[in-house]
Visitor: 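Got a structure for you, questions after.
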Amino acid sequence: MALFERNPGRRPSNSYSTATFVVFVALVLVGVWMLSSSTFTPASLPSENKSETNEVSETESIVTTDEQPVVEPTNTRQEDTNPDANTESSSNETENKKESENKRENGNENEGENGNGNDSVSSDEQKGTQKVTEKSDEKIEEENSSKPSGNTKSESESKADTENKPSEEVKGQSENGMPKFDDETGKTEGGELVTPGEGTQELISQNKTTELENSSGNSTESFNEKSDERGSEQITSNDETNNSENDKGFTTETITSENQSETNTGSGQEKVEQELTSGQNNSDIPMESFPNAAQSELLNETSTQNGTFSTQAAESRNQKEVRATSANKKGSKDDAVAVTWKLCNTSAGADYIPCLDNVAAIKKLRTTRHYEHRERHCPDESPTCLVPLPEGYKKSIEWPHSRDKIWYHNVPHTLLADVKGHQNWVKVSGEYLSFPGGGTQFIKGALHYIDNIQESLPDIAWGNKTRVVLDVGCGVASFGGFLFERDVLTMSFAPKDEHEAQVQFALERGIPAISAVMGTKRLPYPSLSFDVIHCARCRVPWHVDGGMLLLELNRLLRPGGYFVWSATPVYQNLPEDVEIWQAMSDLMKAMCWKIVIKTKDTLNKVGLAIYQKPSDNKCYDKRKENSPPMCQESDDPNAAWNISLQACMHKLPVDPNLRGSKWPEQWPKRLVKAPYWLNESQTGVYGKPAPKDFEADYAHWKHVVNSSYINGMGIDWSHIRNVMDMRAVYGGFAAALRDMKVWVVNVVPIDSPDTLPVIYERGLFGIYHNWCESFSTYPRSYDLLHADHLFSRIKKKCKILPLMAEVDRMLRPEGKLIVRDNLETINEIESIAKSLKYEVRMTYTKEKQGLLCVQKTAWRPTEVEVENSTLPLP
């Protein structure tokens, strides 16, 4: 008892006072030990809950809030007059400190229960802070890097997951471990939705130490508080259960990538487990952008086939033409690594079109008599430089206002205003270029001219019978621009010539157009496709060389279609005009084109003649002279890529089941109904009978566009006007956008199934192209580019980096690129897009397939590309 007496020389008066004193001293010693020790072990903690308690405590100790005060642990022991008691307390403290230091050195927090027990009984102020303030920053980092941060996983499960997953950033997270967030719609990259203003979701998964440290400053609420106040989803590990969400009636569906234990060696992309919440309000979370199981073949593009469709490349190769040499170059996965972008160093400057501005190739031409210098001459190596922006460039004016005016600095060219201003093509109006809607043949306005055509020939029926028009030598494309008011699509084209930037004006106005010329090659369109072809003073010598150029129009015009010709030979009596009129009349008669009407527009003081192509072969059979001659049966009229023109005509189809034997359905019925010449015996691109293939494709894209593109990507469609589908099949994507105020040019790659005739048949338009070469358009032409499984195919034949440079050339600043492809390709495109300083708007992955949306910025590099060195900009 002497050990616990305050004064050994004094004995207690009785046994009760002695016992009381001993108990009191014992309690004091216990209290002193508790206060002086930094950790202790609870006596009654159930063993089955140890792991869970450890992990919760660890999470609380790391994820703290700015509002929580930092409590410094006290190291000052309470003084006691009993030296023996102090000696015992000091001994216990020393022993505990040694044990704590050993555990810290081993980094084994899951086995050290002392700290967790202390947190469980301490005040709210001390929770999650005592351990942080005790340890140095270096030790916190060391411990975090050696342990997982999951809330409910056991140590063994966490270790297994850590071994299976690489240490890279989880798909859909930003650098601080949080999901990437779209500030317009709250769309996260993992497919989840967060309403703007409500904060971001906290990812509790196996992240890197730096991600955990960053998230500690951003997380201001506990897991349960976030679930109750926001209704947001927690993206967690696969075997974790979210009790707070289940209590609210949420159900979860876990979607994992196939063969999760494998890693994507091609791109380093880790297999990501995503947990999607169902049962939420449809207005908050859009429908999934991928097809359901019944439509899965539409997503898995690796299973596509040509079916009954040949490819444009095969058709053209059969005509003894050679495709571009760049098509043989193999792609490289290293394209996206350490890209150093430079500005293009060309005389064309901000208007550079690689295949039309190839000065070296043009200089080698032996003749330019047939406009060979205006045709495509692509460089051997596709450029990987970036086109500069014009000085003072501004965001394009939105449609429909853009039809009437554009920013001068976006297309800073005034030559047409000087030369054609009196004909109301274009005028300079301060900081704008204005377009009164006139043209050489319709000075008083295109709309009056358009209506005059229908009044002269009601059978043209704009927007009903006539839906797709080809405008040759379009100028600034006011004719096509105003035909939108009659629900007509016009493919306008003109060469890049002395009429400075005419096609660029059209595109900046929001009117479809390409740079092309009627020279020595067929135009890149299928035969029998256009309902009407129009030429208003288009400066094409139709009657020369045996009518070769007019015979190209004959190939393109639908049987029974109309050719509208408005030119001085129609209404003037000058000797040259009379001579041309006579030559044209003879040629038209020999081609069996009959003149339907010849009339004058009294307001514009011009005349026009309308011709109709025959719908059968009767006239051809009755001709006394075979001039122009009929083409050989071996000559394929649909071969259109790099095919030389021939002065001949093709026989028209007579079988009622063949394309061209009947006029299409009236618009808009033709948009949604499979063409009559697709039948059940034909195999479609996706392996179904062709009509069902067509219907499934349309249903698929309606679902994708309505549920994801319009409502789920944060795209403001009021800013979208010029759209390109870089790999169209049946035109389903364009058809699904029909009610939007946009136009879509459908590009069918030359090595894809030749479905472009289907696209024209349904009242849409498009063009053939080889994506190993540059497209025939001006820089900054499009607001949105859509690429469905294009890049993964291109990688098999040519490099992907030049194609991304071409994408950058065609896109306007703030323009969007939507890519649907396999996961490896998505990662590669995202990497290149980031090197271009694009904003990643959304990424989504599911079953080795991905969806990516990026937005171009106004960033341009500061160095100019030169031959062997770099030249900094002044």
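Both backbone and side-chain heavy atoms feed into the values below; hydrogens, waters and symmetry mates do not. It should be emphasised that the depicted structure is a prediction, and the values quoted were computed from it without experimental measurement.
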Visitor: Checking E508 against S402: is there a side-chain donor and acceptor pair closer than 3.5 Å?
Guide: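 No donor-acceptor contact under 3.5 Å links the two side chains.
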Visitor: When you check the side-chain N and O atoms of R558 and S529, is any donor under 3.5 Å from an acceptor?
Guide: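 Note: R558 and S529 side chains miss the donor-acceptor criterion.
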Visitor: Within a 6.0 Å radius of atom CD on E680, are there more than 12 heavy atoms belonging to other residues, nucleotides or ligands?
Guide: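 Enclosed.
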Visitor: Report yes if the side chains of V819 and L851 come closer than 4.5 Å at any heavy-atom pair, otherwise no.
Guide: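 A side-chain contact under 4.5 Å is absent here.
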Visitor: Could you tell me whether the SG atom of C592 lies less than 2.5 angstrom from the SG atom of C619?
Guide: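 Yes; the two sulfurs sit under 2.5 Å apart.
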Visitor: Would you confirm whether D754, through its side chain, and P757, through its main-chain N or O, come within 3.5 Å as a donor-acceptor pair?
Guide: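 The answer is no, because no donor-acceptor pair under 3.5 Å joins these two groups.
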Visitor: Do Y562 and D531 pair up side chain to side chain, a donor and an acceptor below 3.5 Å, judged on atom types alone?
Guide: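 There is no such pair (donor and acceptor under 3.5 Å, judged by atom type) between the side chains of Y562 and D531.
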Visitor: For F442 and V606, what are the C-alpha separation, side-chain angles and deciding distance, and is it a side chain to side chain contact (heavy atoms under 4.5 Å, CB included)?
Guide: CA-CA 8 Å; F442 38 89; V606 298; over 6 Å; no
Visitor: Does Y525 have its ring centroid less than 6.0 Å away from the ring centroid of W641?
Guide: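 Y525 vs W641: aromatic centres not under 6.0 Å.
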Visitor: Distance-only, no hydrogens or angles: does the T520 side chain make a donor-acceptor pair with backbone N or O of L645 under 3.5 Å?
Guide: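 Checked: no pair found.
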Visitor: Mind running side chain to side chain contact (heavy atoms under 4.5 Å, CB included) on L671 and R738 for me, showing each step along the way?
Guide: CA-CA 9 Å; L671 178 70; R738 183 217 164 184; 3.6 Å; yes
Visitor: Assess whether side chain to side chain contact (heavy atoms under 4.5 Å, CB included) is satisfied between V564 and I610, documenting all intermediate values.
Guide: CA-CA 5 Å; V564 179; I610 302 177; 4.2 Å; yes
Visitor: When you measure from the side chain of R820 to the backbone of A787, do you find a donor-acceptor pair of N or O atoms at a distance under 3.5 Å?
Guide: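 No: the side chain of R820 does not pair with the backbone of A787.
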Visitor: Would you find a donor on one side and an acceptor on the other, under 3.5 Å apart, between the side chain of S661 and the backbone of L658?
Guide: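 Here the side-chain-to-backbone pair exists.
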Visitor: Taking the ring centre of each residue, are Y760 and F530 less than 6.0 Å apart?
Guide: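 Close enough - the centres of the two rings lie under 6.0 Å apart.
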Visitor: If only atom types and distance count, is the side chain of Q502 paired as donor or acceptor with the main-chain N or O of C474 below 3.5 Å?
Guide: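 No.
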Visitor: What is the minimum heavy-atom distance between I595 and A609, and which atoms define it?
Guide: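 Minimum heavy-atom separation between I595 and A609: CD1-CB, 4.2 Å.
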Visitor: Of D693, T755, D697, which meets side-chain hydrogen bond (donor to acceptor under 3.5 Å, both in side chains) against Y730?
Guide: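 That would be D693.
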Visitor: State whether the number of non-hydrogen atoms from other residues, nucleotides or ligands found under 6.0 Å of K598 atom NZ is greater than 12.
Guide: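 More than 12 heavy atoms, drawn from other residues, nucleotides or ligands, come within 6.0 Å of this atom.
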Visitor: Quick one: does any side-chain atom of S708 pair with a main-chain N or O of V705 as donor and acceptor, under 3.5 Å?
Guide: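 No, S708 side chain to V705 backbone: no donor-acceptor pair under 3.5 Å.
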Visitor: Side chains of H789 and Q849: do they bring a donor and an acceptor to under 3.5 Å?
Guide: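 Checked: H789/Q849 side chains pair up, N/O donor to acceptor below 3.5 Å.
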Visitor: To the closest 0.5 Å, what do you measure between CG (N711) and OH (Y709)?
Guide: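 OH of Y709 is found 13.5 Å from CG of N711.
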Visitor: Rounded to the nearest 0.5 Å, what's the gap from CG on L551 to NE2 on H650? Could you check?
Guide: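 These two atoms lie 10.0 Å from each other.
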Visitor: At what distance, to the nearest 0.5 angstrom, does OG1 of T683 lie from NZ of K692?
Guide: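 With rounding to 0.5 Å, OG1 (T683) is 12.5 Å from NZ (K692).
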Visitor: Tell me if the aromatic rings of W663 and Y676 count as close, with their centers under 6.0 Å from one another.
Guide: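 For W663 and Y676, the ring centres are not under 6.0 Å apart.
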Visitor: Using modelled atom types and a 3.5 Å cut-off, is there a donor and acceptor pairing between side-chain atoms of E375 and backbone atoms of K521?
Guide: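 At least one qualifying donor-acceptor pair exists.
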Visitor: Whether the R659 and N638 side chains hold a donor-acceptor pair (N or O, under 3.5 Å, no angle test) is what I'd like checked.
Guide: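 The answer is yes; a qualifying pair exists.
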Visitor: Out of R762, R670, K673, which residue meets the side-chain hydrogen bond (donor to acceptor under 3.5 Å, both in side chains) rule with E665?
Guide: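 It is K673, the one option of R762, R670, K673 that forms the side-chain hydrogen bond (donor to acceptor under 3.5 Å, both in side chains) with E665.
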Visitor: In this structure, are over 12 heavy atoms from other groups packed under 6.0 Å from K651 atom NZ?
Guide: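 More than 12 within 6.0 Å, yes.
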Visitor: Would you give the length of the straight line joining atom CD1 of I794 to atom CE of M726, rounded to the nearest 0.5 angstrom?
Guide: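 It is 8.0 Å, given to the nearest 0.5 Å.
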Visitor: With distance as the sole criterion, is a donor-acceptor pair present between the side chains of H719 and D783 under 3.5 Å?
Guide: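 Short answer, no.
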Visitor: Would you say V758 and P675 make side-chain contact, with heavy atoms under 4.5 Å?
Guide: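 Yes; the side chains approach each other to less than 4.5 Å.
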Visitor: For H769 and W771, I'd like to know if the aromatic rings sit close, meaning centre-to-centre distance below 6.0 Å.
Guide: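 Ring centres of W771 and H769 closer than 6.0 Å.
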Visitor: Judged by modelled atom types alone, do W462 and D487 share a side-chain donor-acceptor pair under 3.5 Å?
Guide: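 No.
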Visitor: Using ring centroids (six-membered ring only for Trp), state whether F733 and H786 fall under 6.0 Å.
Guide: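 Yes: the rings meet the under 6.0 Å criterion.
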Visitor: Please say whether the positively charged group of K702, taken as NZ for Lys or CZ for Arg, lies over the ring of Y698, i.e. under 6.0 angstrom from the six-membered ring centre and within 45 degrees of the axis.
Guide: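 Yes, K702 lies over the aromatic ring of Y698.
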Visitor: Between W593 and F563 (judged by ring centroids, cut-off 6.0 Å), do the two rings come close enough to count as a pair?
Guide: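 For W593 and F563, the ring centres are under 6.0 Å apart.
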Visitor: So with a 6.0 Å cut-off around NE2 of H448, is the heavy-atom count from everything else above 12?
Guide: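 Correct, the count exceeds 12.
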Visitor: Would you kindly say whether S752 and R793 are connected by a side-chain donor-acceptor distance under 3.5 Å?
Guide: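 R793 and S752 do not have a side-chain donor-acceptor pair below 3.5 Å.
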Visitor: Taking G510's backbone N and O only, do any of them form a donor-acceptor pair with W743's side chain (distance below 3.5 Å, no angle check)?
Guide: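 Flag set: sc W743 to bb G510 pair under 3.5 Å.
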Visitor: Which atom pair, heavy atoms only, marks the closest approach of W677 to Q682?
Guide: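 In this case the closest contact between W677 and Q682 is O-OE1, 3.4 Å.
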Visitor: Apply side chain to side chain donor-acceptor pair (under 3.5 Å) to residues D821 and S792 and explain how you reach the verdict.
Guide: CA-CA 7 Å; D821 222 308; S792 56; 2.6 Å; yes
Visitor: Could you give the distance from CD (E398) to CZ (R721), rounded to the nearest 0.5 Å?
Guide: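 Going from CD on E398 over to CZ on R721, the span is 11.5 Å.
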Visitor: Is there a donor-acceptor pair closer than 3.5 Å between any side-chain N or O of N746 and the backbone N or O of A728?
Guide: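 No, because the side chain of N746 does not come within donor-acceptor range (under 3.5 Å) of the backbone of A728.
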Visitor: If I take atom CE from residue M810 and atom CD from residue E806, how far apart are they, to the nearest 0.5 angstrom?
Guide: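 M810 atom CE to E806 atom CD measures 5.0 Å (nearest 0.5 Å).
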Visitor: Taking the inter-plane angle between the rings of Y449 and F479 on a 0 to 90° scale, is it parallel (under 30°), tilted (30 to 60°) or perpendicular (over 60°)?
Guide: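 Geometry flag for F479 against Y449: perpendicular rings.
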Visitor: Check whether any side-chain heavy atom of V742 sits under 4.5 Å from a side-chain heavy atom of I720, and report yes or no.
Guide: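 Counting from C-beta outward, V742 and I720 do come under 4.5 Å.
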Visitor: Output yes when a side-chain donor or acceptor of R467 lies under 3.5 Å from a complementary backbone atom of E761, and no otherwise.
Guide: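 A pair under 3.5 Å: no.
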Visitor: Assess the residue pair Q454 and D451 against the criterion (side chain to side chain contact (heavy atoms under 4.5 Å, CB included)); give the C-alpha distance rounded to whole Å, side-chain angles, the decisive distance to 0.1 Å, and a yes or no.
Guide: CA-CA 5 Å; Q454 180 161 310; D451 290 340; 5.8 Å; no
Visitor: Is the charged tip of R812 near the ring of Y782: under 6.0 Å from the six-membered ring centre and within 45° of its axis?
Guide: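 Verdict for Y782: no cation-pi partner in R812.
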